[in-house]
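Here's a structure for you.
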Amino acid sequence: MRTRPLKVALLGCGVVGSEVARIMTTHADDLAARIGAPVELAGVAVRRPSKVRQGIPAELVTTDATALVKRGDIDVVVEVIGGIEPARTLITTAFEHGASVVSANKALVAQDGAALHAAAEEHGRDLYYEAAVAGAIPLIRPLRESLAGDKVNRVLGIVNGTTNFILDKMDSTGAGYQEALDEATALGYAEADPTADVEGFDAAAKAAILAGIAFHTRVRLDDVYREGMTEVTAADFASAKKMGCTIKLLAICERAADGASVTARVHPAMIPLAHPLASVRGAYNAVFVESDAAGRLMFYGPGAGGAPTASAVLGDLVAVCRNRLSGATGPGESAYAALPVSPMGDVVTRYHISLDVADKPGVLAQVATVFAEHDVSIDTVRQQSRSQGGGDAAAAEQGGSGRREGGEASLVVVTHRASDASLAGTVEALRSLDTVRGVASIMRVEGE
C-alpha cells in the first residue's frame with residue numbers, strides 16, 4: 001500500500017458534507033484498504049466558519065473555497081454545496097489545478113454536464129456524480145458500465161422522496177395535497193419552500209442526467225418536459241383506484257420506437273398496482289430500467305438524506321482515488337449517439353380525462369365526436385350525475401332518462417394510446433363546447 005495519502009478537499013459541510021467527513025474519519029482504515037492508499041481530509045470550505053463541526057479540526061475549515069481548490073496538492077475535490085455558482089467555477093478550477101471531482105450537484109450536471117465533462121477530459125481528470133440522481137441507489141454506474149453492452153429503451157422512475165411521501169400519504173389515508181405536504185414538512189421530508197420538489201424541478205434535473213447516460217446523448221434540463229403534482233386531488237386517486245392504479249410523480253426517459261430520437265419528461269401519472277413502482281412507499285425512490293438483453297431491472301432504496309447520499313459520494317471517491325493511483329481515468333461523457341430530443345407532443349401514451357359536463361341528452365355523443373376528430377380513440381367512459389346522484393354513460397347516450405336538464409355530471413374518459421399533441425388538441429376543442437363546463441383533470445397512464 002502506498003503510504004503517502006491522497007488529499008481530499010470538501011466543498012460544503014451541511015447534511016451530506018458532514019456525513020462524508022464523518023465516514024472518511026471513522027472508516028479511514030477500510031477506505032485505505034479498498035483504495036490502496038490512505039485518504040486525508042485536507043480542507044473543508046464552508047460559509048459559516050464559527051459553527052461547531054464535530055470531528056472536523058478547526059484548522060481544516062476555511063471560507064476561501066477558491067484557494068482550497070487551487071492548492072495544487074489536492075487529489076480529489078468533493079463538491080456538495082449545490083447550485084450553479086460558485087460550484088461550476090470551483091469544479092472547473094479544480095480540474096485546472098490537477099484535481100478530480102466527485103459531485104452530488106444534480107442541477108449543475110443537468111445544465112452544464114457537457115462543459116464539465118469537456119473540462120475534465122481536457123485536464124485528464126475524473127468527474128463522478130452518482131449521488132446526483134438517486135441518493136444511495138447505485139444507478140449511474142450500472143447504466144454507464146454494467147449495461148454498456150446493452151441497448152436501454154426506457155427508464156421509468158420515482159426519483160424524489162418528498163413527492164412520493166406526499167402522494168403515498170394521499171393514497172393510503174385519503175388526505176388532501178396540503179394536509180399531506182404539511183405532514184411531510186413536519187417530518188423533515190419537505191423543505192420550508194418545497195417548490196423544487198413538488199413542481200418537478202428536482203426530478204427533471206435527474207431525468208436529464210439519466211436520459212443522457214442511458215441513451216448516449218446530450219440531454220439538458222431545458223429538454224425535459226415538466227409538470228408538478230400540486231393539482232393532484234383525492235378525486236384523482238379515487239378514479240385511479242377504479243382503474244386498479246395509483247398515482248406517482250414519474251421521471252420517464254424513452255427511446256422512440258424507431259430509435260431515431262429520445263424524450264424525457266416528469267409529471268404525475270397513473271400506474272397499475274401490478275407494476276413494481278406502484279408499491280414504492282413513503283420517501284423511498286425506485287428506478288425501473290428496460291433494455292433489450294437484460295430485460296426489466298429495478299433499483300430501489302433511500303433516495304435522499306445525509307448518510308444515504310454520503311454513501312454514494314464515498315463510492316465515487318473510492319473509484320476516483322483508485323483511478324488516481326493507477327494513472328487512469330474512468331468513463332467520461334458518452335454522447336456518441338447524439339440523438340435529437342423530441343418535444344412532448346410526440347410522446348405517445350394513454351390518458352385519463354375528467355370533465356364537468358352539462359347533464360342533458362347528447363353530451364356524450366358530442367364529446368366522443370371531438371375525440372374522433374382528433375384521432376384519439378376512447379377505451380372506456382364513466383359518467384356520474386351530480387343532479388340525480390346516479391346514472392351512467394349508457395343512460396346519457398340514450399337521452400339521460402329521468403335526469404333534470406341543466407344539472408351537472410362528471411364524465412371520465414380513458415383513451416387508447418395517442419400522441420400528446422393529439423390529446424392537447426382534443427382538450428382545447430372540448431373546452432370550446434357549451435356542454436363542457438370544465439376540464440377537471442388530465443392524467444397520463446403509464447407502466448402498462
Side-chain angles (χ1 to χ4, degrees), residues 106 109-110 113-114 117 128-160 164 203-220 223-225 248-267 269 271-280 284-301 303 312 315-316 319 330-342 344 346-350 417 444-448:
K106 54 189 170 287
V109 175
H117 274 293
Y128 277 47
Y129 42 87
E130 183 69 68
V133 174
I137 305 171
L139 188 57
I140 290 177
R141 196 169 287 113
L143 283 173
R144 180 183 278 159
E145 299 177 24
S146 303
L147 296 175
D150 205 344
K151 178 183 177 184
V152 175
N153 297 308
R154 194 176 198 219
V155 179
L156 177 75
I158 298 165
V159 294
N160 183 277
N164 199 57
K206 295 170 180 178
I209 296 170
L210 288 174
I213 294 170
F215 306 133
H216 309 286
T217 251
R218 285 179 181 167
V219 180
R220 289 172 50 89
D223 295 323
V224 182
Y225 173 84
K248 299 291 187 182
L249 184 75
L250 297 178
I252 304 171
C253 312
E254 292 179 305
R255 190 189 298 268
D258 62 4
S261 64
V262 299
T263 57
R265 51 196 166 105
V266 169
H267 53 73
I271 188 166
L273 294 175
H275 195 284
L277 290 178
S279 61
V280 177
Y284 275 72
N285 285 189
V287 177
F288 200 73
V289 178
E290 300 175 12
S291 67
D292 276 359
R296 297 181 172 184
L297 309 170
M298 191 165 91
F299 301 84
Y300 170 84
D316 279 350
E333 184 187 36
S334 177
Y336 67 85
L339 298 172
V341 181
S342 295
M344 186 63 185
D346 290 351
V347 169
V348 175
T349 189
R350 297 178 70 210
R417 288 172 61 81
R444 296 165 186 89
V445 183
E446 303 287 347
E448 294 180 305

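A quick note: this is a predicted structure, and the numbers were derived from the prediction, not measured. Position 1 is the first residue of the sequence, and the numbers go up from there.
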Quiz item: How long is the gap from OG1 on T217 to OH on Y336, to the nearest 0.5 Å?
Solution: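 T217 OG1 to Y336 OH: 9.0 Å, rounded to 0.5 Å.
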
Exercise. Would you name the heavy atoms of V280 and A286 that are closest together and state the gap between them?
Key: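 Taking V280 first and A286 second, the nearest heavy atoms are CG2-CB, 3.5 Å.
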
Quiz item: Is there a donor-acceptor contact under 3.5 Å linking the side chains of N285 and N164?
Solution: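 Checked: N285/N164 side chains show no N/O donor-acceptor pair below 3.5 Å.
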
Quiz prompt | Distance (rounded to the nearest 0.5 Å) between T349 OG1 and R417 CZ | solution =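 So the OG1 of T349 and the CZ of R417 are separated by 5.5 Å.
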
Quiz item: How close do A278 and P272 get, heavy atom to heavy atom, and via which atoms?
Solution: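 Where A278 meets P272 most closely, the heavy atoms are CB-O, 3.3 Å.
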
Practice problem: Start with the C-alpha distance between L147 and L297, add both sets of side-chain angles, then the distance that settles side chain to side chain contact (heavy atoms under 4.5 Å, CB included), and finish with yes or no. | Solution: CA-CA 11 Å; L147 296 175; L297 309 170; 4.1 Å; yes

Quiz item: For H275 and L156, what are the C-alpha separation, side-chain angles and deciding distance, and is it a side chain to side chain contact (heavy atoms under 4.5 Å, CB included)?
Solution: CA-CA 11 Å; H275 195 284; L156 177 75; 3.8 Å; yes

Quiz item: What are the two closest non-hydrogen atoms of L339 and A260, and how far apart are they?
Solution: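 Minimum heavy-atom contact is CD2-O, 3.9 Å.
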
Quiz item: So do Y225 and V347 actually touch side chain to side chain, heavy atoms under 4.5 Å?
Solution: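 Contact flag for V347/Y225 side chains = no.
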
Quiz prompt | Shortest non-hydrogen contact from L139 toward V133 | solution =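 Nearest pair, atom of L139 first, then V133: CD2-CG1, 3.8 Å.
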
Practice problem: Give a yes or no on whether Y284 atom OH has more than 12 heavy-atom contacts from other residues, nucleotides or ligands under 6.0 Å away. | Solution: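 It does not: Y284 OH has 12 such atoms or fewer within range.
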
Quiz item: How long is the span from the CG atom in L210 to the NZ atom in K106, to the nearest 0.5 Å?
Solution: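 Between atom CG of L210 and atom NZ of K106 there are 12.5 Å.
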
Exercise. Heavy atoms only: give me the nearest A207-V224 pair and the separation to one decimal.
Key: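 Minimum heavy-atom separation between A207 and V224: CB-CG1, 4.2 Å.
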
Exercise. First locate atom CG of L250, then atom NE2 of H267, and finally report the distance between them rounded to the nearest 0.5 Å.
Key: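 Answer rounded to 0.5 Å: 7.0 Å.
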
Quiz item: Between the side chain of R154 and the main-chain N/O of I252, is any donor-acceptor distance below 3.5 Å?
Solution: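 No; judged by distance alone, with no hydrogens or angles, the pair does not exist.
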
Self-check item: Face-on cation placement of R141 at F299 ring, 6.0 Å and 45° thresholds
Solution: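 Output no; distance or angle outside limits.
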
Self-check item: Heavy-atom side-chain contact between V152 and F215 under 4.5 Å
Solution: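 The answer is yes, as the side chains (C-beta and beyond) meet within the 4.5 Å cut-off.
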
Quiz item: Looking at OG of S291 and CZ of R255, how far apart are the two atoms once the value is rounded to the nearest 0.5 Å?
Solution: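 Interatomic distance, S291 OG to R255 CZ, rounded to 0.5 Å: 10.5 Å.
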
Quiz item: Thinking salt bridges, do K248 and E446 make one under a 4.0 Å N-O criterion?
Solution: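 Result for this pair is no, no salt bridge flagged.
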
Quiz prompt | Gap separating the OG atom of S342 from the CG atom of D223, nearest 0.5 angstrom | solution =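 Spacing of OG (S342) from CG (D223) equals 10.5 Å.
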
Practice problem: With the side chain counted from C-beta on, respond yes when R144 and S334 share a heavy-atom pair under 4.5 Å apart, and no when they do not. | Solution: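 Not in contact.
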
Exercise. Of all the heavy-atom pairs spanning A312 and E130, show the shortest one and how long it is.
Key: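 Scanning both residues completely, I find the closest heavy atoms to be CB-CG, 4.2 Å.
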
Quiz prompt | Whether N160 side chain and A203 backbone form a donor-acceptor pair below 3.5 Å | solution =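 Judged by distance alone, no pair lies under 3.5 Å.
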
